[in-house]
Amino acid sequence: MSEPNENNDNQSQGSEDKDRLDREELIERTGEIISRNSKHLIHCLTIIGQVEGHYLLPPQNKTTKYEHIMPALVAVEQDRSVEGLVIILNTVGGDVEAGLAIAELIAGMKTPTVSIVVGGGHSIGVPLAVSAKRSFIVPSATMTIHPVRMSGTVLGVPQTLSYFDKMQDRITRFVCGNSGISPERFKQLMMNTGELTMDIGSVLDGEAAVKEGLIDNLGGLSDAIEALYEIIENTDPRYPDNNDDKEEA
C-alpha cells in the first residue's frame, strides 16, 4: 500500500517543481522579480521606457512590451502564493491602447496592488499609475498630461476628430474613475496652453500630482511597500480571518 502513496508523493513533488520552474521561466523571460524572503510574498513589475504597442519600436529604444506584461499579470493574479504586486513606473508613455489594456488589467485584479512613479509617469503612464489600488510618487518625479497624439497618415475628415475625442474620453474616464481628480480639472490640465513651449498640456511634479488628487500619496519605496502590506493584511479577500477578527473586535 505504501508504493502508490510514494508514487503520489513523487507526482505531487514533480508538479510543484514544474510550477516553480514555470514561474522562474516567466520571471526570467519578463525580467520581473518575486520577493520570497519577506513579510509577504510580493511580485515586482516594472513599466519603463516606452510602452510598445502593435508595432515594434527601433532596437535602441528602451521599451515595455505589452505582450510580456499581460501574461505576467495573469500569472500574478492566479498564483495563490503571490500576495501582492508593486508596480514601479518610469515611462515616457507610448501606445494608447496597449497602455490602457495594461491599466485595465491591473485595475481589475483582486491581488493587492500598489504603484510608485519614479523619474516620470508621462502620457499613457498616467492611467498606468492610477490603476493600482494605492498610488505613490516620489517628490522628484514628474507626470505629463496632454491630449492624445497620432503619428502617420491622418485623414482631414470629421470622423478623425470624433475618433480622437472618443479615445481621449476613454482615458479621462479611466483616470478620473481610479483617482481623486475631477474630469473638469483633468481636461483643464490637459488643454493648458501656458506651460509647455511647443505643446499643450501640464507637467506635475510629485507634490502637485498629489495635491491635484491624481496620485494618492507622496512617498518612496518603503512607503509603497508598507501600504501594500497594509492592504494585504486588511482587505485581501484571500485573508478572511482578518475580516473575522475585525468584526469580533
Tell me the closest heavy-atom pair linking Val117 and Gly121, and the distance in Å. CG1-N, 3.6 Å

According to a 4.5 Å side-chain heavy-atom criterion applied to Ile, Leu, Val, Met, Phe, Trp and Tyr, with indirect links allowed, do Leu57 and Ile124 form part of one hydrophobic cluster? no

Test applied, side-chain contact (heavy atoms from CB on, under 4.5 Å); reference residue, Leu100; option that passes from Val51, Leu128, Ile171: Ile171

Could you grab the distance from atom CG of Leu73 to atom CG of Leu85, nearest 0.5 Å is fine? 6.5 Å

Are Leu189 and Ile181 packed together at the side-chain level, in the sense that at least one heavy-atom pair is separated by less than 4.5 angstrom? yes

Of all the heavy-atom pairs spanning Ser115 and Ala129, show the shortest one and how long it is. OG-O, 2.6 Å

Any side-chain heavy-atom pair from Asp79 and His43 closer than 4.5 angstrom? no

Closest heavy-atom pair and its distance - Ser179, Val175: OG-O, 2.7 Å

Same cluster or not: are Leu221 and Val118 linked, directly or through other Ile, Leu, Val, Met, Phe, Trp or Tyr residues, by side-chain heavy atoms under 4.5 angstrom apart? yes

So which heavy atom on Gly119 is nearest to which on Val138, and how close? N-CG2, 4.5 Å

Working to the nearest 0.5 Å, report the span between CG of Asp216 and CZ of Phe136. 7.5 Å

Any Ile42 side-chain heavy atom under 4.5 Å of Tyr229 side chain: yes

Quick one: do Val203 and Val126 end up in the same hydrophobic cluster if we chain Ile, Leu, Val, Met, Phe, Trp and Tyr together by side-chain heavy atoms under 4.5 Å apart? no

When you group the ILVMFWY residues by side-chain heavy-atom contacts below 4.5 Å and let the links chain together, are Phe174 and Met190 in the same group? yes

Treat each ILVMFWY residue as a node, draw an edge where side-chain heavy atoms are under 4.5 Å apart, and state whether Met109 and Ile47 are in one component. yes

With a 6.0 Å cut-off (strictly less than), is the heavy-atom count around CD of Glu195, excluding the residue itself, greater than 12? yes

Donor-acceptor contact below 3.5 Å, side chain Ser131 vs main chain Ala107: no

Expected output: side-chain Lys39 to main-chain Glu226 donor-acceptor under 3.5 Å: no

Using a 3.5 Å distance criterion without hydrogens, assess whether the side chain of Thr113 forms a donor-acceptor pair with backbone atoms of Lys133. yes

Any heavy-atom pair between the side chains of Ile200 and Met191 that's under 4.5 Å? yes

Asn192 side chain reached by Ile145 side chain, heavy atoms, under 4.5 Å: no

Is there a side-chain contact between Asp223 and Asn217, using heavy atoms and a 4.5 Å cut-off? no

Quick check against the 3.5 Å criterion: does Glu77 have a side-chain atom that pairs as donor or acceptor with the backbone of Thr111? yes

Side-chain donor/acceptor of Gln168 to backbone N/O of Val148, under 3.5 Å: yes

Of all heavy-atom pairs between Gly93 and Ser123, which one has the smallest distance, and what is that distance? CA-CB, 4.0 Å

Rounded distance (nearest 0.5 Å) linking atom NZ of Lys62 with atom CD of Gln60: 12.5 Å

CE of Met70 to CD1 of Ile106: how many Å apart, nearest 0.5 Å? 10.0 Å

Verdict with supporting geometry, Thr91 and Thr64, side-chain contact (heavy atoms from CB on, under 4.5 Å): CA-CA 9 Å; Thr91 176; Thr64 294; over 6 Å; no

Let me see the working for Ile116 and Ile87 under side-chain contact (heavy atoms from CB on, under 4.5 Å), right down to the final yes or no. CA-CA 6 Å; Ile116 177 169; Ile87 305 150; over 6 Å; no

Under the criterion side-chain contact (heavy atoms from CB on, under 4.5 Å), I'd like the reasoning laid out for Met143 against Ile215: C-alpha separation, chi angles, the key distance, then a yes or no. CA-CA 10 Å; Met143 303 183 77; Ile215 299 296; 3.7 Å; yes

Rounded to the nearest 0.5 Å, how far apart are CZ of Arg185 and CG of Leu214? 11.0 Å

Grab the two heavy atoms, one from Thr46 and one from Ile69, that are nearest each other, plus how far apart they are. O-CD1, 4.1 Å

Do Tyr66 and His54 touch side chain to side chain, with heavy atoms closer than 4.5 Å? yes

So Thr142 and His122, do their side chains get closer than 4.5 Å, heavy atoms only? yes

Verify side-chain contact (heavy atoms from CB on, under 4.5 Å) between Arg170 and Glu104, making sure each step is shown before the conclusion. CA-CA 11 Å; Arg170 290 161 60 195; Glu104 288 283 10; over 6 Å; no

Inter-residue atom distance Asp169.CG - Lys187.NZ, 0.5 Å rounding: 5.5 Å

Please check if the side chain of Asp95 supplies one atom and the backbone of Glu52 the other of a donor-acceptor pair under 3.5 Å. no

